[in-house]
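Here the structure comes first, spelled out in structure tokens, and everything after it is commentary.
Along the sequence shown, residues are numbered consecutively beginning with 1.
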Amino acid sequence: HIITNCIIRNCIAAGGNASHGFDGNPWDISQHLLPIHKGGFGGQGGHAEGAGMYIASGNPAIYNTIVEGCSAIGGNGGNGGSGLAASTNDPFDANFPGGPGGNGGNGGNALGGGIFCKQGTGPSFTDCIVRDCQAVSGYGGDGGLGGAGARSDKAAYDPCDPTIFIQRGNGTGGHGGMPGLAFGGGIYVDDDCLVKFESCKITGNSAQSNVAGCGGNASGDGTNSWYQ
């Protein structure tokens, strides 16, 4: 294949944002049914590669072509679901600890904002310009909240009598997801490629990885715990 005397401008390749994890399922544990007490994990954001040009196979020759202003943008990771809280059980079970929150999903990768050369390809570029392109990865999803544990509370806050104040435990918060990777704002060359550049200008491009998600808070402290 041959591409010559072309301008490829302002193209976008965007990975999809992931779904969030489901919250813990409030089944009745007093009837010996296993609750899905843990929050579900958030999904991973979609990857984005080669917004201006994606070379999937072969040895194409590209002459006198401009690739500019193109963006590969990774999708965001989904948030983790909240852990099951004791208050959602009916009838109430005083021995139920709060369920842990689900982890946030990782963000999607962004590779080759202008051009992506897939593994094993061998393209050649002659008198080409790749400029002002970017690869921006997705954000990590936030961790889910831990569920509040059960407690018995008739005359709360008496530290001398543990039968009056019984904390049954609180769910831990989920981990925040990692951000996606970002490489090759202008051009990304995969493993085992034989790429040739002759009299080309590659300028003003950038690759930026975004931030990780926040960890979820644990629930079930002395103020916000559920009781009966």
Side-chain angles (χ1 to χ4, degrees), residues 14-48 73-110 136-182 209-228:
N17 295 330
S19 297
H20 303 312
F22 289 106
D23 293 339
N25 194 322
W27 291 355
D28 182 6
I29 61 173
S30 67
Q31 301 300 317
H32 306 292
L33 298 176
L34 178 65
I36 305 175
H37 63 281
K38 185 174 183 178
F41 286 9
Q44 181 175 8
H47 302 318
I73 304 173
N76 298 327
N79 297 333
S82 298
L84 178 63
S87 64
T88 59
N89 293 302
D90 185 16
F92 182 83
D93 188 326
N95 292 311
F96 181 71
N103 294 339
N106 295 335
N109 298 335
V136 182
S137 73
Y139 291 91
D142 294 336
L145 300 176
R151 79 178 192 195
S152 174
D153 189 353
K154 298 301 182 183
Y157 311 110
D158 182 355
C160 299
D161 187 351
T163 64
I164 295 177
F165 182 96
I166 304 175
Q167 178 64 47
R168 298 298 183 187
N170 13 304
T172 57
H175 297 292
M178 296 297 294
L181 304 175
S209 179
N210 267 310
V211 299
C214 297
N217 293 328
S219 297
D221 60 21
T223 303
N224 297 314
S225 293
W226 300 95
Y227 64 90
Q228 179 150 324

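- Looking at residues two or more places apart in sequence or on another chain, you find a side chain to side chain donor-acceptor pair (under 3.5 Å) between Ser209 and Ser137.
- With hydrogens and angles disregarded, no donor-acceptor distance shorter than 3.5 Å links the side chain of Asp142 to the backbone of Asn79.
- Between Gly45 and Ala18, the closest heavy-atom pair is N-CB, 3.9 Å.
- Every residue two or more places apart in sequence or in another chain that forms a side chain to side chain donor-acceptor pair (under 3.5 Å) with Asn210 is listed here: Tyr139.
- Here the CG-NE2 distance, from Asn76 to His20, works out to 9.5 Å after rounding to the nearest 0.5 Å.
- Proximity of a side-chain donor or acceptor of Asp23 to a complementary backbone N or O of Ser82 within less than 3.5 Å is detected.
- Nearest approach of Gly15 to Ala48, heavy atoms of both residues: N-CB, 3.8 Å.
- Remark: the backbone N or O of Gln44 is not paired with any side-chain donor or acceptor of Asn106 at under 3.5 angstrom.
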